[in-house]
Amino acid sequence: MKRLHLTLLVLGLLATSLTLVVYKVNVLGFPLKPAQTVDNWVVEARVAFEPSGGALTARLALPDEPPGFGILDENFISRGYGLTTTQQGENREAQWTTRTPSGRQVLYYRATVYELNRERPAPPYPGPVSVPDYDEPYRSAALALLDSVRDRSADITSFASVLVSDLNSPAPDENAALFIQRNASDADKVRTTIELLAGARIPARMVHGITLTDWARQAAPLAWLEVHNTREWVPINPHTGTAGYPDNFLVWWYGDREPLLVDRAGSPEISFAVTRNIHDAIDVAEQRAQLMDSRVVDFSLFGLPVQTQNMYRVLLMVPVGALIIVLLRNVVGIQTFGTFMPVLIALSFRETQLLGGIILFTLIVSLGLAIRFYLEHLKLLLVPRLASVVIVVIMLMAGISILSHNLGIEQGLSLALFPMVILAMTIERMSLVWEEHSPADAIKQGLGSLAVAAVSYLIMINRQLEHLIFVFPELLLIVLALTLLLGRYTGYRLTELLRFRALKAP
């Protein structure tokens with residue numbers, strides 16, 4: 001029953017940790033690597049017009065959950081105007097209103113977008129569309145063209161692709177040529193394709209978007225085709241017939257309409273500009289969480305002051321070091337002085353570096369051990385003896401720091417970061433083992449403590465691991481689960497294989 005309880009507890013810790021990590025990575029976009037950046041684009045729409053008198057209303061189509069992208073931030077620059085955003089059919093619109101405009105008016109809409117792969121709810125099937133009432137000879141040509149396309153296609157998507165390919169063929173047949181207009185714009189081609197698809201009762205629509213580039217002052221909107229295959233809208237290239245959008249294509253609005261509609265104004269103009277930015281992935285993930293109203297970030301370490309964050313970047317590595325000690329002691333069988341002393345020494349190595357830290361630690365412990373043996377002859381009680389060792393350790397640390405500074409060895413100044421109480425307890429513990437067991441056991445445990453501290457240090461300074469633990473502190477639940485499992489380990493230690501190698505059967 002106790003084993004089942006531990007198993008369920010470990011599984012619960014693992015499931016909780018992994019669920020939070022997967023959510024923060026896949027939904028909020030927190031990076032798995034340190035110093036990771038995210039590409040995003042600032043897209044700006046500039047609107048200009050001349051008021052003709054009276055109250056004025058300007059309506060601008062806005063991106064609305066564009067496929068493949070998310071809107072990180074958006075701003076409206078329109079002094080003196082009232083502003084509302086509404087949903088008009090398939091499109092989201094910004095409506096600017098004012099009563100007494102004068103002079104040429106210029107309004108701006110600016111959005112910051114980033115790549116976002118997300119599952120969107122499937123739109124309802126609009127149903128078959130009505131067949132257009134073609135006039136002759138277009139009726140006969142359309143029926144013949146559609147019959148030919150139907151014979152060479154397998155489903156709705158391939159039907160649309162074959163039809164677009166026929167209309168864009170360098171040498172179209174006589175039926176397709178009837179619908180091809182010389183110097184036709186992309187929008188005209190999409191209109192023609194939509195009308196022909198209606199002859200097959202296939203719902204289709206026009207889509208307009210912007211290609212996101214590194215920098216563009218005049219980004220022209222592109223017209224694209226979408227057909228509904230009874231399950232979802234499928235984008236079709238109006239030139240080649242291939243399915244899918246081009247890379248970095250931001251869908252801006254749907255339908256055969258202008259993006260800007262202005263009442264009581266003339267000479268309306270709209271232009272688009274694009275620029276590419278690089279932001280820190282963590283900052284982008286935090287903004288994304290705010291837009292999604294996620295409460296996970298409210299309990300993250302990023303809300304703490306920077307000084308406190310830096311402190312926790314170090315403290316959160318202590319459980320990892322503790323797991324390493326459990327593994328090396330319970331599974332490998334390395335003997336150490338205490339449980340947490342090697343971890344604290346490893347933390348000190350972060351400032352002194354590994355080689356300098358080992359030298360300074362060995363020097364302090366050796367000198368302190370010699371003085372501890374001298375104090376033993378004074379027959380002091382335990383507490384005064386420990387207090388005396390602490391005082392001696394501090395004096396030794398100060399003396400070594402002064403000496404190393406005069407010799408130009410700056411690493412000796414980091415000796416003040418060593419945990420002096422732990423050093424004093426190490427000296428006391430080592431002297432007891434020396435007296436009660438043997439000098440060999442005391443030296444073996446001392447070297448084991450240094451070895452464990454060195455291994456813990458090398459793991460705890462790993463930048464990738466430090467990033468993961470700080471950004472995803474729920475990973476400590478996995479560390480806890482592994483520690484609990486190792487706590488029930490009662491098998492042989494690796495060092496015992498050497499110890500009992502003489503008993504190995506010949």
Side-chain angles (χ1 to χ4, degrees), residues 40-67 69-114 120 123-124 126 185-188 190-191 194-195 203-212 216-224 226 233 249-275 277 287 290-293:
N40 58 73
W41 293 265
V42 178
V43 186
E44 182 181 86
R46 179 183 182 274
V47 174
F49 48 83
E50 293 284 352
S52 57
L56 182 148
T57 300
R59 301 195 303 273
L60 174 66
L62 304 177
D64 183 23
E65 296 186 358
F69 290 91
I71 300 177
L72 187 64
D73 188 24
E74 57 183 2
N75 303 101
F76 301 86
I77 304 175
S78 52
R79 181 177 298 179
Y81 280 80
L83 173 65
T84 58
T85 57
T86 59
Q87 195 73 29
Q88 299 293 332
E90 299 173 311
N91 296 300
R92 188 169 65 105
E93 284 188 348
Q95 293 188 2
W96 285 288
T97 56
T98 185
R99 286 188 176 274
T100 56
S102 61
R104 186 166 181 79
Q105 304 292 298
V106 179
L107 309 176
Y108 291 91
Y109 166 75
R110 185 176 299 159
T112 303
V113 298
Y114 61 95
R120 302 184 64 190
S185 65
D186 291 348
D188 292 333
V190 174
R191 291 190 191 97
I194 291 175
E195 187 174 5
R205 64 183 180 182
M206 186 183 299
V207 179
H208 301 266
I210 303 293
T211 300
L212 301 176
R217 293 187 60 184
Q218 297 291 333
L222 301 178
W224 217 256
E226 278 191 354
W233 288 102
F249 184 78
L250 175 67
V251 173
W252 196 285
W253 77 94
Y254 297 94
D256 188 8
R257 51 156 288 183
E258 295 296 327
L260 174 64
L261 301 174
V262 185
D263 298 333
R264 297 188 179 90
S267 304
E269 297 178 2
I270 182 171
S271 60
F272 299 90
V274 179
T275 184
N277 287 332
Q287 295 183 42
Q290 293 178 358
L291 293 175
M292 297 174 61
D293 197 23

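Model, not experiment: these values are computed from the prediction. All residue numbers in this chain count up from 1 along the given sequence.
Tyr254 and Glu226 share no donor-acceptor pair across their side chains, judged by distance under 3.5 Å alone. Side-chain polar atoms of Glu44 and Tyr108 form no donor-acceptor pair below 3.5 angstrom.
Within the 4.5 Å cutoff, the side chain of Val43 has heavy atoms near those of the Trp252 side chain. At a threshold of 4.5 Å between non-hydrogen side-chain atoms, the residues Trp41 and Phe69 count as touching. Put simply, the side chain of Trp96 does not reach to within 4.5 Å of the side chain of Thr84, judged on heavy atoms.
Minimum interatomic distance between Ala111 and Tyr109 (heavy atoms only, all atoms of both residues): CB-OH, 3.4 Å. The two residues Val251 and Pro63 have their closest heavy-atom pair at O-CB, 4.0 Å. For the residue pair Ala48 and Val106, the shortest heavy atom distance occurs at CB-CG2, 4.2 Å.
Shown here are the salt bridge (charged side-chain N to carboxylate O under 4.0 Å, His left out) partners of Glu93, two or more places apart in sequence or in another chain: Arg59, Arg257.
Within 6.0 Å of atom CZ in Arg110, 12 or fewer heavy atoms from other residues, nucleotides or ligands are found, so the atom counts as exposed in its surroundings. Counting non-hydrogen atoms of neighbouring residues, nucleotides and ligands closer than 6.0 angstrom, the CD atom of Glu50 exceeds 12 such neighbours.
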Test side chain to side chain contact (heavy atoms under 4.5 Å, CB included) on Leu62 and Thr85 and set out the steps. CA-CA 9 Å; Leu62 304 177; Thr85 57; 4.2 Å; yes
When you look at Leu222 and Ile210, which way does the side chain to side chain contact (heavy atoms under 4.5 Å, CB included) test go after all the steps? CA-CA 6 Å; Leu222 301 178; Ile210 303 293; over 6 Å; no
Residues 259-274 side chain polar contacts: donor-acceptor under 3.5 Å, at least two apart:
| residue | atom | partner | partner atom | Å |
| --- | --- | --- | --- | --- |
| Arg264 | NH1 | Ala55 | O | 3.2 |
| Glu269 | OE1 | Arg104 | NH2 | 3.2 |
| Glu269 | OE2 | Arg104 | NH2 | 3.4 |

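Atoms CZ and CG, from Arg191 and Asp186 in turn, are 10.5 Å apart once rounded to the nearest 0.5 Å. We find the CZ-CG distance between Phe249 and Leu212 to be 9.5 Å, quoted to the nearest 0.5 Å. Atom CE of Met206 and atom CH2 of Trp253 lie 10.0 Å apart (nearest 0.5 Å). Note that CD of Gln95 and CG of Leu60 are 11.0 Å apart. Values are rounded to the nearest 0.5 Å. To the nearest 0.5 angstrom, Tyr81 atom OH is 5.0 Å from Leu107 atom CG. Remark: Thr112 OG1 to Asn75 CG distance equals 7.0 Å, nearest 0.5 Å.
Salt bridge Arg92/Glu65: absent, no basic N to carboxylate O contact under 4.0 Å.
The backbone N or O of Ser102 sits less than 3.5 Å from a side-chain atom of Gln105, completing a donor-acceptor pair.
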